[in-house]
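The structure displayed is predicted, hence computed values, not measured ones. Note that these values count all heavy atoms, side chains included, but never hydrogens, waters or copies made by symmetry.
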Amino acid sequence: PKVKKEYDSANEKGKAEMLENFEPSHLFANSEMAEDDFQFEALKAPILKKLNMMFFTDYPEYNPLDVFEKFLQTGKYKIVCLDSLKDTLDRIKVYNENNGIKKSDKTIESEIINLLKHYNKELGITFILIQQINKGGEYVGSKSIEHNTTGLFEMRHCQSGRRYIKFEKNRRNGNLIKTPLYYFKDKLTGEIMFDEKDFIGISLNSQYHWSIIKFPSHPWHMGLSLES
């Protein structure tokens, strides 16, 4: 018991020190929008201007998978968000068809999954993948991504119109599966705020700590030369 107590104490101290100096470098890889469209979104939510953005539409002559990997290879980013997985896969498929490359949808999906797994392991990059659901509320695509992720959560509306996040899979805090966390967007700052008091099933005591990780301010549009 004494050894365990000392270990837990050291572990908590280490996590606290890590979080105190935590300023993650990040990249938002946007396949859903072109830069012009995103500028209008940023006008409605100025906080979006703080994101480091790359747009697949800036590189129409290149394989989208190669473009994405070039950004990862720089080693600059520890958190990478891909919006969306389905649209990126479709872009790769169109590129292959236009260039006479014959690959099945399953092969293309396997290539991007292997890419994510490689850079997660080799460079420690955390990936946030945005995926779509169909009209029936079902997950679009195969279950391969779900099986290879640490967590899977959905963002939905309840009948009253309130928005909430609900985890369907969570390997880090599995006891909170299917527990809705309600949120809203601050109209002035555009920041996402969570309604902690409505986090059903949790007693908010000293064991739980809530915070907002703020990214350092950077130019929001990231460019990259792909010439060899």
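- Residues satisfying the salt bridge (charged side-chain N to carboxylate O under 4.0 Å, His left out) test with Lys166, not counting sequence neighbours, are Glu168.
- Here NZ of Lys76 is found 10.0 Å from CG of Leu27. Values are rounded to the nearest 0.5 Å.
- Tyr164 is linked by a ring pair (Phe, Tyr, Trp, His ring centres under 6.0 Å) to Tyr182, counting only residues two or more places apart in sequence or in another chain.
- Leu116 CG to Thr126 OG1: the interatomic distance, rounded to the nearest 0.5 Å, is 11.5 Å.
- Partners of Tyr183 according to the side-chain contact (heavy atoms from CB on, under 4.5 Å) rule, which considers only residues two or more places apart in sequence or in another chain, are Met155, Arg163, Ile165, Ile192, Phe194.
- Taking a cutoff of 4.0 Å between a charged side-chain nitrogen and a carboxylate oxygen, Asp90 and Lys86 qualify as a salt bridge.
- Summarising the geometry of Leu43 relative to Pro46, their closest heavy-atom pair is O-CD, 4.1 Å, with the distance given to 0.1 Å.
- Between the side chains of Arg171 and Thr150, no donor-acceptor pair is found at a separation under 3.5 Å.
- Looking only at distances, no side-chain donor or acceptor of His26 sits under 3.5 Å from a matching main-chain atom of Lys78.
- When side chains are defined from C-beta on, Phe28 does not count as touching Asn52, because their heavy atoms never get closer than 4.5 Å.
- In this structure, the side chains of Gln131 and Leu82 stay at 4.5 Å or more apart for every pair of heavy atoms.
- Counting only heavy atoms from C-beta outward, the side chains of Leu65 and Ile112 approach each other to under 4.5 Å.
- Remark: Asp186 pairs with Leu188, Thr189, Met193 by the side-chain contact (heavy atoms from CB on, under 4.5 Å) rule, at least two apart or across chains.
- Applying the ring pair (Phe, Tyr, Trp, His ring centres under 6.0 Å) test to Phe153 and every residue at least two apart in sequence or in another chain returns Phe167.
- Scored by the salt bridge (charged side-chain N to carboxylate O under 4.0 Å, His left out) test, Asp83 finds no partners at all (sequence neighbours excluded).
- Considering only heavy atoms from C-beta on, Leu72 comes within 4.5 Å of Val80 through its side chain.
- Around the NZ atom of Lys169, the shell of radius 6.0 Å holds more than 12 heavy atoms that belong to other residues, nucleotides or ligands.
- Contacts of Lys103 classified as side-chain contact (heavy atoms from CB on, under 4.5 Å), with partners at least two apart in sequence or in another chain: Asn96, Ile101, Thr107, Ile108, Glu111.
- The same ILVMFWY cluster, assembled from side-chain heavy atoms under 4.5 Å apart, contains both Tyr62 and Leu115.
- Looking at residues two or more places apart in sequence or on another chain, you find a side chain to side chain donor-acceptor pair (under 3.5 Å) between Lys44 and Glu41.
- Residue pairs meeting the salt bridge (charged side-chain N to carboxylate O under 4.0 Å, His left out) criterion with at least one member in residues 112-130: none, sequence neighbours excluded.
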- Residue pair Thr88, Phe68: steps toward the side-chain contact (heavy atoms from CB on, under 4.5 Å) verdict: CA-CA 10 Å; Thr88 303; Phe68 190 46; over 6 Å; no
- Derivation of the side-chain contact (heavy atoms from CB on, under 4.5 Å) call for Arg91 and Thr57: CA-CA 10 Å; Arg91 284 184 180 276; Thr57 54; 3.4 Å; yes
- Message: Show, in sequence, the C-alpha distance, side-chain angles and deciding distance for Phe56 and Asn30, and conclude whether the side-chain contact (heavy atoms from CB on, under 4.5 Å) test is met.
- Response: CA-CA 6 Å; Phe56 284 96; Asn30 199 326; 5.9 Å; no
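- Pairs of residues two or more places apart, or lying in two chains, never qualify as ring pair (Phe, Tyr, Trp, His ring centres under 6.0 Å) while including a residue from residues 83-123.
- Listed here is the closest heavy atom pair of Lys70 and Thr74: O-CG2, 3.4 Å.
- Taking Asn120 as the reference, Phe127 meet the side-chain contact (heavy atoms from CB on, under 4.5 Å) condition, with sequence neighbours excluded.
- Distance CD/Glu69 to CZ/Phe71: 13.0 Å, rounded to 0.5 Å.
- At a threshold of 4.5 Å between non-hydrogen side-chain atoms, the residues Asp87 and Ser84 count as touching.
- In this structure, the salt bridge (charged side-chain N to carboxylate O under 4.0 Å, His left out) partners of Asp105, at least two apart in sequence or on a different chain, are Lys93.
- Using a distance-only test at 3.5 Å, with no hydrogens or angles considered, a donor-acceptor pair links the side chain of Asn148 to the main chain of Ser144.
- When every heavy atom of Cys81 is checked against every heavy atom of Ile130, the shortest pair comes out as SG-CD1, 3.8 Å.
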